[in-house]
**Student:** 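Handing you a structure now.
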Amino acid sequence: MASPSALTSQSDDFPRWYQDVVAKAEMADNGPVRGTMVIRPYGYALWERIQAEMDARIKVAGAQNAYFPLFIPQSYFAREAEHVEGFSPELAVVTYAGGEELAEPVVVRPTSETVIGEFMAKWIQSYRDLPLLLNQWANVVRWELRPRLFLRSSEFLWQEGHTAHDSYEDAAAYAMRIHLEVYYDFLANVMAVPAYVGIKSPRERFAGAINSLTCEGMMRDGKALQMSTSHELGQNFARAFNIVYQNESGQSELCHTTSWGASTRLVGGLIMAHGDDRGLIVPPRLAPIQAVIIAVRDEPEVLEACASIDARLRDGGVSTALDRGRGSFGRRVTDWEIKGVPLRIEVGPRDLAGGVVTMVRRDDGSKHVVALDRLATTCQGLLEEQQRALFNVALARRDDATTDVTSVDEAIEAAQTGFARMAWDQIGELGEARLNEVAVSVRCIQRADGTTPVSPDEPDLVAIVAKSY
RNA sequence: CGGGCUGUAGCGCAGUUUGGUUAGCGCGCUGCGUUCGGGACGCAGAGGUCCCCGGUUCAAAUCCGGGCAGCCCGACCA
């Protein structure tokens with residue numbers, strides 16, 4: 001049955017729908033300074049889940065967490081020409097502190113290649129010190145003129161990995177490993193987002209990198225969102241910061257470095273990749289609350305039953321919330337739907353009389369009457385099914401909205417509603433410029449089988465073309 | 001940087017043209033009661049430097065001058 005809508009519908013006005021979800025699911029607010037963001041507890045809980053899953057994968061890949069300063073000497077940026085050029089428009093610079101003008105202005109980090117490079121140079125002496133694999137969880141500042149909560153804010157949270165290796169091959173292999181085993185794996189298996197993987201065109205590459213790997217997700221309005229990046233920095237930063245090591249025969253050599261990151265933008269991606277007209281849809285493996293137990297009535301027997309169901313589910317490893325029946329049923333249901341909780345467990349007098357509860361999946365709204373003695377296993381089963389279904393639905397949607405084309409004009413047309421796929425060598429620099437003129441871009445370049453190439457010079461590569469956030 | 005628009009309760013707005021008693025409305029909020037299987041309702045309440053400064057006037061949210069802030073479009077940047 002159609003209920004009066006709490007949100008602007010996606011088809012009506014997608015950006016407005018997004019803002020409504022962020023506000024009504026209590027995820028974030030605008031901060032007092034334009035472009036800043038207050039992340040509210042529910043939004044932060046989602047970020048903490050993202051952090052936990054990615055951090056575990058990062059550690060499996062061998063990197064260790066560390067922390068570097070927020071303030072970076074301005075002179076550091078000048079050392080790598082492309083890097084400084086790329087970042088200077090969005091730098092926030094402190095020129096006055098401690099009651100006086102600073103002798104050297106201090107940059108608020110937009111990314112940490114430079115400071116970390118400085119310290120890598122200090123810590124690396126010998127080939128025995130390599131590879132050096134670091135990661136940090138931090139906030140960064142990139143001054144934004146057109147901010148949007150989670151997607152583009154002047155300050156945001158992220159993870160940035162920085163590594164140094166003794167060879168180009170080792171560095172490239174590590175960047176690829178992070179790209180696939182941390183980011184792609186997390187996106188596919190936790191966030192249920194089937195990302196297109198590939199490398200960035202030279203034009204879209206990170207400032208200072210020799211190659212950038214990317215995971216591009218399709219949002220429900222058909223636009224692309226870059227969900228992670230992994231960069232091969234070659235010897236650019238090693239040269240700028242003198243990151244050298246002695247090889248086995250005693251000669252000094254420059255390191256090869258990488259950097260890679262994913263940010264709170266992923267929360268925005270989560271909203272737009274799965275959300276529907278009823279609000280957010282959180283995949284069960286990511287959900288801070290996997291099941292909400294709703295007391296249909298605020299009555300002692302019902303509340304008691306809810307408390308015992310809650311305890312049993314927690315014992316069974318399900319993270320739960322308990323809704324104690326204050327306020328109207330419909331309103332409470334709607335509020336939990338907006339928050340995207342995967343499973344709603346309704347417990348009312350009618351259920352209890354029959355020795356059952358009613359479970360409702362968030363993704364398809366299907367109702368399941370479940371006997372009390374099969375609570376935990378059924379709950380687990382429905383969560384797992386929903387996790388799979390979300391990925392499969394997103395994959396089908398992505399493939400349906402991806403059109404193979406043979407000309408730039410066709411690519412532009414396809415990009416109005418989805419993605420276009422086209423031979424990379426048929427686009428060329430000129431074609432890419434024409435795309436950019438109409439706010440369409442080459443999101444990534446991949447092999448025909450969809451895997452990530454190691455260089456843009458491989459033959460027969462295809463480009464994924466779309467509008468983007 | 002150019003053009004357009006807007007600042008009134010937590011949010012969204014009306015009122016300003018034509019100055020006039022106590023500045024309203026919707027949502028939200030507080031209390032009580034009835035409700036509760038898909039966004040409930042009644043009654044009673046709380047909440048305002050009408051962006052700021054100055055001027056005109058018996059009287060300014062309203063008229064005049066100056067300032068500040070924000071939004072949209074364009075340009076720039078990626």
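Residue numbers begin at 1 in each chain, while the letters A, B, ... track the order of the sequences. Please read these numbers as outputs of a predicted model, since none were measured by experiment.
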**Student:** Please report, rounded to the nearest Å, how far the P atom of B/A78 is from the CZ atom of A/Arg152.
**Tutor:** 14 Å
**Student:** Side chain of A/Glu337: nearest nucleotide among B/G37, B/G38, B/C36?
**Tutor:**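 Between B/G37, B/G38, B/C36, the one nearest the side chain of A/Glu337 would be B/G38.
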**Student:** Given that both distances must come in under 3.5 Å, which nucleotide forms a Watson-Crick or G-U wobble pair with B/U16?
**Tutor:** none
**Student:** Side chain of A/Arg297 only, please: which of B/G37, B/A40, B/C36 is the nearest?
**Tutor:**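 Nearest to the side-chain atoms of A/Arg297, counting from C-beta on, is B/C36.
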**Student:** Contact class for A/Gly86 (heavy atom, under 4.0 Å): base, sugar-phosphate, or nothing?
**Tutor:** nothing
**Student:** Over how many whole Å does the gap from A/Leu7 atom CG to B/C11 atom P extend?
**Tutor:** 20 Å
**Student:** Rounded to the nearest angstrom, tell me the gap between atom CD in A/Glu432 and atom P in B/A78.
**Tutor:**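 It works out to 13 Å between those atoms.
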**Student:** Quote, to the nearest angstrom, the P distance that separates B/G26 from B/G45.
**Tutor:** 15 Å
**Student:** Could you tell me how far apart A/Met359 (CE) and B/G37 (C1') are, to the nearest whole angstrom?
**Tutor:**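 My rounded result for the distance is 17 Å.
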**Student:** It should be established whether A/Arg350 places a side-chain nitrogen or oxygen under 4.0 Å from OP1 or OP2 of nucleotide B/G37.
**Tutor:**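 No, A/Arg350 has no side-chain N/O under 4.0 Å of OP1/OP2 on B/G37.
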**Student:** If you measure from the Lys or Arg side-chain nitrogens to the Asp or Glu carboxylate oxygens, is any gap between A/Arg362 and A/Asp276 under 4.0 Å?
**Tutor:** yes
**Student:** Verify whether the ring centers belonging to A/Phe237 and A/His83 lie closer than 6.0 Å.
**Tutor:**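 Yes, they do, as the ring centres are separated by less than 6.0 Å.
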**Student:** Under 4.0 Å between a side-chain N or O of A/Ser328 and OP1 or OP2 of B/A40?
**Tutor:** yes
**Student:** What's the CD-P distance between A/Glu299 and B/C36, to the nearest Å?
**Tutor:**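 So the CD-P distance, A/Glu299 to B/C36, works out to 9 Å.
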**Student:** Could you tell me the separation between the CZ atom of A/Arg332 and the C1' atom of B/A40, rounded to a whole number of Å?
**Tutor:** 12 Å
**Student:** Picking from B/G74, B/A40, B/G38, which would you name as closest to the side chain of A/Arg146?
**Tutor:**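 Closest nucleotide to the A/Arg146 side chain: B/G74.
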**Student:** If B/C77 has a Watson-Crick or G-U wobble mate with both distances under 3.5 Å, name it; if not, just say none.
**Tutor:** none
**Student:** Hunt down the Watson-Crick or G-U wobble partner of B/C11, both distances under 3.5 Å, from any strand shown, or write none.
**Tutor:**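 Its partner is B/G26 (Watson-Crick or G-U wobble, both distances under 3.5 Å).
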**Student:** Using heavy atoms to find the nearest nucleotide of RNA chain B for A/Lys367 and A/Glu85 separately, return the residue whose nucleotide is more 5′.
**Tutor:** A/Lys367
**Student:** Which nucleotide in the set B/C36, B/G37, B/A75 lies at the smallest distance from any side-chain heavy atom of A/Glu346?
**Tutor:** B/G37
**Student:** Name the nucleic acid region contacted by A/Ser441, choosing base, sugar-phosphate or nothing; use a 4.0 angstrom heavy-atom cut-off, strictly under.
**Tutor:** nothing
**Student:** Could you give the distance separating B/A14 and B/A69 at their C1' atoms, to the nearest angstrom?
**Tutor:**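 B/A69 and B/A14 have their C1' atoms separated by 23 Å.
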**Student:** Are any of the side-chain nitrogens in A/Asp335 or A/Lys339 under 4.0 Å away from the carboxylate oxygens of its partner?
**Tutor:** no
**Student:** For a quick check of understanding: with a heavy-atom distance under 4.0 Å over all strands, which category does A/Asp335 fall into, base, sugar-phosphate or nothing?
**Tutor:**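 It contacts base atoms.
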**Student:** With nearest nucleotides of RNA chain B determined for A/Pro147 and A/Val333 from heavy-atom distances, which residue corresponds to the more 5′ nucleotide?
**Tutor:** A/Val333
**Student:** P atom, B/C25 versus B/G66: distance in rounded Å?
**Tutor:** 36 Å
**Student:** Would you tell me whether A/Ser366 and A/Asp364 have side-chain atoms, one donor and one acceptor, within less than 3.5 Å of each other?
**Tutor:** yes
**Student:** Nearest to the side chain of A/Pro89 - B/C77, B/A40, B/C36?
**Tutor:**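 That would be B/C77.
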**Student:** What is the distance, rounded to the nearest whole Å, between atom CD of A/Glu82 and atom P of B/A78?
**Tutor:** 12 Å
**Student:** Determine which nucleotide pairs with B/C41, using a 3.5 Å limit on both distances of a Watson-Crick or G-U wobble pair.
**Tutor:**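 Base partner found: B/G33.
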**Student:** Between A/Arg443 and A/Glu204, is a side chain to side chain contact (heavy atoms under 4.5 Å, CB included) present by the stated rule, with each step listed?
**Tutor:** CA-CA 8 Å; A/Arg443 303 314 306 159; A/Glu204 299 277 336; 4.1 Å; yes
**Student:** With P as the reference atom in both, quote the distance from B/C11 to B/G28 in angstrom, rounded to an integer.
**Tutor:** 16 Å
**Student:** Quick check: any donor-acceptor pair below 3.5 Å linking the side-chain of A/Arg344 to the base of B/G38?
**Tutor:** yes
**Student:** Can we say A/Lys200 and A/Glu216 salt-bridge, meaning some charged N sits less than 4.0 Å from an Asp/Glu carboxylate O?
**Tutor:** yes
**Student:** Is it the case that A/Arg398 places NZ or CZ above or below the six-membered ring of A/Tyr196, under 6.0 angstrom from the centre and within 45 degrees of the axis?
**Tutor:**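 Because its charged atom sits under 6.0 Å from the ring centre and within 45° of the axis, A/Arg398 does stack over A/Tyr196.
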**Student:** Name the closest nucleotide to the A/Val296 side chain, picking from B/C36, B/G38, B/C73.
**Tutor:**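 Selected nucleotide (nearest to the side chain): B/C36.
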**Student:** Roughly how many Å apart are B/U16 and B/A60, using the C1' atom of each and rounding to a whole number?
**Tutor:**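 Between the two C1' atoms, the distance is 10 Å.
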**Student:** Write down the distance separating the C1' atoms in B/A40 and B/C27, rounded off to the nearest Å.
**Tutor:**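 Pairwise C1' distance, B/A40 against B/C27, rounds to 15 Å.
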**Student:** Side chain of A/Arg278, heavy atoms from C-beta onward: which of B/G38, B/G28, B/A75 has the nearest atom to it?
**Tutor:**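 So the nucleotide nearest the side chain must be B/G38.
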**Student:** Rounded to whole angstrom units, what separation is found between the CG atom of A/Asp323 and the P atom of B/G37?
**Tutor:** 12 Å
**Student:** Can you tell me, in whole Å, how much space there is between the C1' of B/G24 and that of B/C63?
**Tutor:** 22 Å
**Student:** Can you figure out which of B/G38, B/A75, B/G28 approaches the side chain of A/Phe329 most closely?
**Tutor:**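 When the side chain of A/Phe329 is considered, B/G38 is the closest of B/G38, B/A75, B/G28.
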**Student:** Work out how far the C1' atom of B/G2 is from that of B/G47, and round it to whole angstrom.
**Tutor:** 42 Å
**Student:** Specify whether A/His231 and A/Phe206 have parallel, tilted or perpendicular ring planes, treating 30° as the upper limit for parallel and 60° as the lower limit for perpendicular.
**Tutor:**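 The arrangement is parallel - the two ring planes meet at less than 30°.
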**Student:** If we call it a pair only when both distances are under 3.5 Å in a Watson-Crick or G-U wobble match, what pairs with B/U6?
**Tutor:** B/A69
